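Quick notes on the structure that follows.
This one's a predicted model, so the numbers in the text were calculated from it and none came from an experiment. Throughout, protein chains are lettered first and strands after them, A, B, ... in sequence-line order, and every chain is numbered starting at 1.
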Number of protein chains: 2
Amino acid sequence: MAERDVDRSVSQTVKAQLALRDQLLSGSLRPGERISELQAVETTGASRTPVRMALVRLEEEGLLEAIPSGGFMVKAFSERDISDSIELRGTLEGLAARFAAERGVSARELEPLKECLAAIDELLRQVPISVDAFSAYVTLNARFHALLTELSRSPPLIRQIDRASALPFASPSGFVMAQSALPEAQQILIIGQEHHRVVIDAIENREGARAEAVMREHARLAVRNLRLALRNRTHLDLLPALALIKSATD
Amino acid sequence: MAERDVDRSVSQTVKAQLALRDQLLSGSLRPGERISELQAVETTGASRTPVRMALVRLEEEGLLEAIPSGGFMVKAFSERDISDSIELRGTLEGLAARFAAERGVSARELEPLKECLAAIDELLRQVPISVDAFSAYVTLNARFHALLTELSRSPPLIRQIDRASALPFASPSGFVMAQSALPEAQQILIIGQEHHRVVIDAIENREGARAEAVMREHARLAVRNLRLALRNRTHLDLLPALALIKSATD
DNA sequence: TCCTCCGCTATTGTATACATAACGTATTCA
DNA sequence: TGAATACGTTATGTATACAATAGCGGAGGA
């Protein structure tokens with residue numbers, strides 16, 4: 001009954017969902033582990049009903065798995081699951097880029113994308129990039145992807161892309177962070193930036209196929225680098241979300 | 001308190017979810033309409049807690065939409081939403097086919113697909129196709145798509161494809177039914193069957209790009225025909241799920 | 001010593017009571 | 001006559017009590 005003052009403005013359900021997602025992504029809950037409602041009630045401060053609703057939402061989101069006999073467990077992901085999810089998101093983003101190109105986008109709508117691009121250019125000018133700049137890059141990159149997705153003007157597609165980003169490492173910021181441990185990290189960022197530049201150009205010139213192709217290539221690059229990064233786990237173990245990846249099976 | 005005998009083996013939550021989904025897809029609930037918990041409690045026979053869980057699940061599934069002030073409403077879909085969803089599913093199925101082709105599939109795994117193919121061939125030999133045969137076709141076609149999806153061996157992808165099929169008309173059986181009103185319906189089925197044949201051939205020969213391309217073409221055909229079908233709504237109005245499509249905006 | 005069965009405990013599933021917020025209606029004042 | 005406010009009703013959000021089931025441990029028999 002202590003923490004009653006924690007932001008009354010949001011509903012208990014949302015509060016519980018956010019708290020549990022944090023626990024899942026930060027690794028304080030181990031994959032395969034059964035998640036106890038009572039325990040969740042204690043850690044989140046909400047009562048059982050909103051906690052249960054949050055659990056259902058997280059299951060639909062793909063972070064939890066229902067146990068047949070009842071209750072939920074933390075879902076475990078293989079390395080393959082992660083790389084498939086990235087490729088999946090890349091494919092969907094490719095479709096989004098194609099929709100944007102084919103359906104036409106006004107100069108005004110492209111403006112924020114170009115600002116993002118310029119801001120990232122500025123950051124990448126540093127060699128080697130500082131920690132702060134890298135953190136800013138992660139944010140800007142996520143923003144770029146979100147804006148690009150929006151350009152498709154297709155609610156079902158946007159929804160699916162959001163879903164595909166739910167898994168740890170499958171989100172735009174997730175896999176960038178995973179790659180940060182690689183020695184050639186900066187070159188990767190520069191190539192990625194080039195992809196961003198091409199996709200904007202393709203959308204501007206209404207070249208749907210080219211816009212789609214470059215986004216898929218973007219994802220393929222990400223998959224390749226994630227694989228590499230998972231080989232030298234040394235630094236990666238710093239990232240708690242890695243705990244979600246069960247023993248590499250492939 | 002009357003209907004207590006309705007299949008005790010399933011949980012109240014699942015029962016409520018199925019009942020509500022039926023109501024949504026059959027059109028007894030109109031798009032945009034607010035869905036009352038109390039009303040749902042009466043029609044489903046479950047109590048408020050499982051009904052709420054079912055509502056949350058249906059929202060995550062995309063059939064309902066949360067109202068900011070509280071509660072849920074039946075989601076309305078534009079014609080664009082539907083066709084985008086079909087194209088989306090086609091894109092994902094294309095990826096699934098490519099995965100299957102690239103990763104290799106044993107002859108034994110392809111067997112059920114080929115059986116499906118043969119069974120559909122048998123049905124399509126009838127000209128014109130009977131109502132019963134058409135209904136059998138719908139089932140077999142859905143089975144074919146499900147089996148193909150499984151061949152990808154990628155749980156995240158399979159999950160996303162299932163999600164993309166949740167919308168009315170976006171499922172394999174859904175859009176086939178929608179097209180049934182068209183005069184050239186049988187030709188469409190025959191072309192679709194040819195696509196099925198090609199994708200199996202491509203997977204067998206490990207031609208990933210070809211497998212993917214044909215599935216995307218398959219979806220594009222579906223989109224085109226759905227558009228056509230929505231033009232002559234005469235017969236389509238027989239399908240109650242059409243009620244979910246709000247006034248065509250494009 | 002091992003296997004089986006019974007019972008207990010702990011956790012989930014379900015129901016319902018209570019609180020709170022929103023919407024509609026009616027009344028009053030300008 | 002119209003608009004605004006206040007009150008009442010209704011529906012949702014939350015909490016908790018109750019029921020049922022599954023898992024575990026112990027005890028007894030083979």
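For the pair L95(B) and M215(B), the minimum side-chain heavy-atom distance is 4.5 Å or more. Proximity of L63(B) to L25(B): side-chain heavy atoms (C-beta onward) are separated by under 4.5 Å at one or more points.
dT14(D) atom C1' lies 11 Å from atom NZ of K15(A), rounded to whole Å. Distance E42(B) CD to dT16(C) P: 13 Å, rounded to the nearest Å.
With sequence neighbours excluded, the residues forming a side-chain contact (heavy atoms from CB on, under 4.5 Å) with P112(B) are R143(B), L147(B), listed by chain and number. The side-chain contact (heavy atoms from CB on, under 4.5 Å) check on E102(B) picks up R98(B), with sequence neighbours excluded. Residues satisfying the side-chain contact (heavy atoms from CB on, under 4.5 Å) test with E37(B), not counting sequence neighbours, are R48(B), R52(B), L55(B).
E93(B) and R89(B) are joined by a salt bridge, as a carboxylate oxygen and a charged side-chain nitrogen come within less than 4.0 angstrom of each other.
Here side chain to side chain donor-acceptor pair (under 3.5 Å) pairs that include residues 155-177 of chain A, with residues two or more places apart or in two chains, are R163(A)-E60(B).
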All N/O pairs under 3.5 Å across the protein-nucleotides 7-13 of chain D interface:
from    : atom 1 : to     : atom 2 : distance (Å)
dT12(D) : OP2    : E37(B) : N      : 3.4
dG13(D) : OP2    : R52(B) : NH1    : 2.6
dG13(D) : OP2    : R52(B) : NH2    : 2.8
dG13(D) : N7     : R48(B) : NH2    : 2.9
dG13(D) : O6     : R48(B) : NH1    : 3.0

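Rounded to 10°, the helix from dT1(C)-dA30(D) to dA30(C)-dT1(D) has 10° between the axis fitted to its first five pairs and the one fitted to its last five.
Applying the 4.0 Å criterion to OP1 and OP2 of dT14(D), one finds that T49(A) has every side-chain N and O outside that range.
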- Message: Is there a salt bridge (charged side-chain N to carboxylate O under 4.0 Å, His left out) between E59(B) and K75(B)? Walk through the geometry before answering.
- Response: CA-CA 9 Å; E59(B) 185 211 345; K75(B) 200 157 172 177; over 6 Å; no
